[in-house]
Amino acid sequence: MKLLKYTIYRLLQAIPVLIGISVITFLLANLGPGDPVSLMLQGQEHSEELVRSIEQRYGLDRPLHERYLTYMAGLLEGDLGQSIHYQRPVADLILDRIGPTLLLVLSAYAFALATAIPLGIVAANRRNEPTDHASRIAALVGVSTPSFWIGIVLILIFAVKLGWLPSSGLIYPWRPPSSYPGISGHLELYYESIRHLLLPMIALGTLQMATIMRVERTQMIESLQGEYVKLARAYGVPERTILRKHAFQVAQLPIITIVGLNLSTALGGAVLVETVFNINGMGQLFVEAIQQNDYQLVMGVTMLLGVLFVVGVIITDISYAYVDPRVTYGERE
Amino acid sequence: MSSEPLLRVENLKTQFFTEAGTVRAVDGISFEVYEGEIVGLVGESGAGKSVASMSLLRLVERPGEIVAGEVTYKGETLFGLEDGPNGDLRKRDEMLSNEEIRTRIRGNEIAVIFQDPMESLNPVFTVGGQLREFIELNRGLSEDEARREAIDMLREVGIPDPEQRYEEYPHQFSGGMRQRVLIAMALACEPSLIIADEPTTALDVTVEGQILDLVDDLQKKYGTSFIWVTHDLGVVAEICDRVNVMYLGEIVEQAPVDELFYDTKHPYTQALLESMPRPDRTVADLEPIEGVMPEAINPPSGCRFHPRCPDARAVCKRVHPEPKVVADADGEPHRAACVKHDVFDVGYDESPPLEGAVDGEGSRRTDEPQSELAANPAGDEPGGDGGE
């Protein structure tokens with residue numbers, strides 16, 4: 001009950017943040033250089049009248065604050081406006097493209113967590129031994145190498161040289177197998193889907209893995225030196241239980257924060273990785289929207305990324321409150 | 001006093017192998033704990049009290065290591081070395097393995113109450129859950145039985161509403177209440193010996209008083225023995241039966257508590273007593289011990305206390321005193337390690353005083369000890385190997 005109240009409280013707190021995001025993106029998209037109308041008419045003979053009629057059609061002739069209010073009113077109804085370049089509703093375009101991006105980002109996180117947490121624990125447990133040094137170097141490389149470069153190298157090795165894995169595209173496990181030629185049955189669909197996902201997932205997840213691993217190591221070392229660990233040892237608790245329960249639970253709190261806050265980095269990385277692996281996701285949509293000066297689409301995508309980030313932060317806060325009994329749900333005791 | 005002690009520690013040495021050198025944190029201490037008594041381990045910070053008490057459970061963390069001595073508990077060897085075939089030291093066969101120490105000794109035979117009640121409980125588990133886990137582990141009870149036992153114990157140590165408090169987290173408890181939880185934890189495992197490592201140091205004075213009363217009552221009720229580690233002689237006077245005074249890794253005086261206070265033999269104990277705040281003296285009247293305790297990495301020659309000792313003479317710099325029985329209180333020995341009580345052996349009385357020692361200049365006066373050495377060549381013998 002307390003948790004539910006806290007959740008609602010945090011969601012209400014997010015409203016001003018979202019309004020702030022919308023104002024800033026609206027201003028940036030509309031006041032930036034480049035005129036969408038002339039872009040649409042590129043290379044064509046056009047009269048003043050045509051320009052005015054287009055402006056009228058997209059509401060570009062009205063004052064800025066009016067346009068903002070219209071936009072926000074539409075937003076509340078789920079209408080993100082019309083894409084100038086695609087001539088389709090922005091909401092439809094986003095819905096089409098969000099699946100692959102979410103699949104990529106979530107699997108990258110799954111990969112990062114599944115590898116980083118055990119590695120971090122092992123490094124902490126064998127502090128200053130060869131395993132620890134190896135993991136430190138791996139983390140350093142992971143943090144300092146851009147994801148698109150990792151992607152290109154992975155393609156070169158596993159797709160071009162070895163030919164083990166496909167170099168581009170994604171297979172979506174939620175679509176019927178019949179929509180892909182050469183795939184019969186669900187099992188093969190899942191198998192192919194994983195094969196396509198592996199390389200982009202690693203390319204995007206490496207940075208997260210490296211960051212999480214270092215934090216996990218530091219946290220575990222600190223936790224293992226805690227007085228409560230000394231106490232557990234003095235009462236004969238087996239070392240394994242101490243590592244897995246007593247020290248581990250305390251050490252996970254900052255990991256939650258990292259995962260939540262790094263969501264923006266991961267979404268940004270997805271733009272690059274999608275380009276490298278030729279995946280038709282939000283990233284590519286975003287790049288195209290910017291290239292085409294499709295301000296309605298840019299705004300739509302930016303708003304969505306903003307919402308995703310805010311949601312990520314809220315989920316972080318809520319899980320923190322859930323995991324750490326000391327968080328007081330913003331109430332005074 | 002019964003014949004066989006519950007715990008016997010002989011010549012225990014624990015050292016830390018650091019990059020700066022070997023720190024001799026515990027350097028050959030011996031003491032006993034009998035059934036049902038509270039034995040004090042007293043000294044300034046850094047004297048090696050905590051390391052000594054953790055050594056008993058073999059809980060010294062790297063780079064620390066127990067390098068010598070013997071710890072016997074209820075006839076079992078918790079630690080013991082013997083000469084190997086190649087002349088090197090090896091672990092004795094009857095010494096308990098790490099696994100045996102963990103399952104049979106830690107918690108269920110010897111429990112610990114740590115210094116810092118704020119940090120000793122795990123912040124992410126309920127107080128009851130932690131209590132229950134240790135009871136289950138050390139007494140082989142089922143979850144339900146352990147829970148019942150835990151709640152009973154919380155009530156026993158004076159925590160109101162134990163059923164409700166059982167479900168709460170450590171941050172919802174005050175410092176004094178947490179220390180009660182830690183005491184409940186120790187008692188609930190039904191050990192024969194509890195090591196209390198400065199358990200009241202982090203508490204304010206009124207709470208400290210309550211906790212001491214509580215321990216006194218429970219100790220009488222359960223008959224558990226205690227090793228009470230503290231720097232506070234006031235606490236010692238209140239609850240201990242016998243006292244060991246530690247200085248720089250060594251026990252310098254060992255006596256029943258009344259003996260120690262009324263017939264103090266060692267200048268260090270004397271100095272500690274004089275530095276204690278008392279209601280009948282103002283702060284200006286206090287006599288703090290001059291200087292600070294040196295590092296155990298490079299202890300002073302001879303008697304380790306000599307650079308700070310008001311009674312130090314030239315001989316003290318040279319001769320390392322061994323603990324000697326200096327008085328007898330109803331059959332209980334009163335030991336002190338001070339050359340003052342070795343008058344005939346090393347010639348303390350003839351030795352010139354180390355006047356500069358107390359204000360820190362004594363170490364430069366090398367000429368006098370030289371002549372002393374020449375006059376008394378046999379003087380080193382009692383000190384022997386202890387100081388090197």
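Chain letters run A, B, ... following the sequence lines, proteins first and then strands; every chain starts at 1. Atoms considered below: every heavy atom in the structure, side chains included; atoms not considered: hydrogens, waters and symmetry mates.
Identified by a heavy-atom distance below 4.5 Å to chain B, the contributing residues of residues 234-262 of chain A are Ala234(A), Tyr235(A), Gly236(A), Val237(A), Pro238(A), Thr241(A), Lys245(A), His246(A), Gln249(A), Val250(A), Leu253(A), in residue-number order. Against chain A, the residues from residues 51-63 of chain B that qualify, each with a non-hydrogen atom under 4.5 angstrom away, are Leu59(B), Glu61(B) in number order. At a heavy-atom cut-off of under 4.5 Å, chain B is reached by no residue from residues 201-223 of chain A.
Neither the backbone nor the side chain of Thr103(B) comes within contact range of chain A, judged by heavy atoms closer than 4.5 Å. If you measure heavy-atom distances from Ile110(B) to chain A, the contacts under 4.5 Å come from the backbone alone. Contact annotation for Asn122(B): both backbone and side-chain heavy atoms come within less than 4.5 Å of a heavy atom of chain A. For Glu99(B), no part lies under 4.5 angstrom from a heavy atom of chain A. Both the backbone and the side chain of Met185(B) come within contact range of chain A, each with at least one heavy atom under 4.5 Å from a heavy atom of that chain.
A distance of 9.5 Å separates CG in Asp116(B) from NZ in Lys230(A), rounded to the nearest 0.5 Å.
The two residues Ala232(A) and Phe134(B) make their nearest non-hydrogen contact at CA-CZ, 3.7 Å.
Contact count against chain A (heavy-atom pairs under 4.5 Å) is highest for Ala186(B) among Ala186(B), Pro191(B), Cys189(B). With chain A as partner, the option from Gln130(B), Glu168(B), Glu119(B), Arg106(B) having the largest number of non-hydrogen pairs under 4.5 angstrom is Arg106(B).
Pairs engaging residues 302-311 of chain A under the side-chain hydrogen bond (donor to acceptor under 3.5 Å, both in side chains) rule: none recorded [sequence neighbours left out].
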